[in-house]
Amino acid sequence: MKFFLSVIGMVMIVEGLPYFAFPGKMKATVQMILTLDDAHLRRFGFFLMLAGLGLVYLTMGAH
């Protein structure tokens, strides 16, 4: 559980960094995302999940 909470904390840091560093650009990005259709967002989200799964698989040393 300690490892899981550490990972969640790191994700929150990485997710919050762009909002802290570039708030104006993030507002524009969010507005652009709102104009995209659901199918495009779903494909993008699926790609991100696969990339994250691959990264976890490689870094955790799956045998």
Visitor: According to side-chain contact (heavy atoms from CB on, under 4.5 Å), who are the partners of F46, at least two apart in sequence or on a separate chain?
Guide: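 If we apply the side-chain contact (heavy atoms from CB on, under 4.5 Å) test to F46, skipping adjacent residues, the hits are M49, L50.
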Visitor: F22: which residues meet the side-chain contact (heavy atoms from CB on, under 4.5 Å) condition with it, sequence neighbours left out?
Guide: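 If we apply the side-chain contact (heavy atoms from CB on, under 4.5 Å) test to F22, skipping adjacent residues, the hits are K25.
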Visitor: Without placing hydrogens or testing angles, list every side-chain donor-acceptor pair under 3.5 Å for residues 32-45, not counting sequence neighbours.
Guide:
from	atom 1	to	atom 2	distance (Å)
T35	OG1	M32	O	2.6
D37	OD1	H40	N	3.4

Visitor: Same cluster or not: I13 versus I8, using hydrophobic residues (I, L, V, M, F, W, Y) connected whenever any side-chain heavy atoms lie under 4.5 Å apart?
Guide: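 No, I13 and I8 fall in different hydrophobic clusters.
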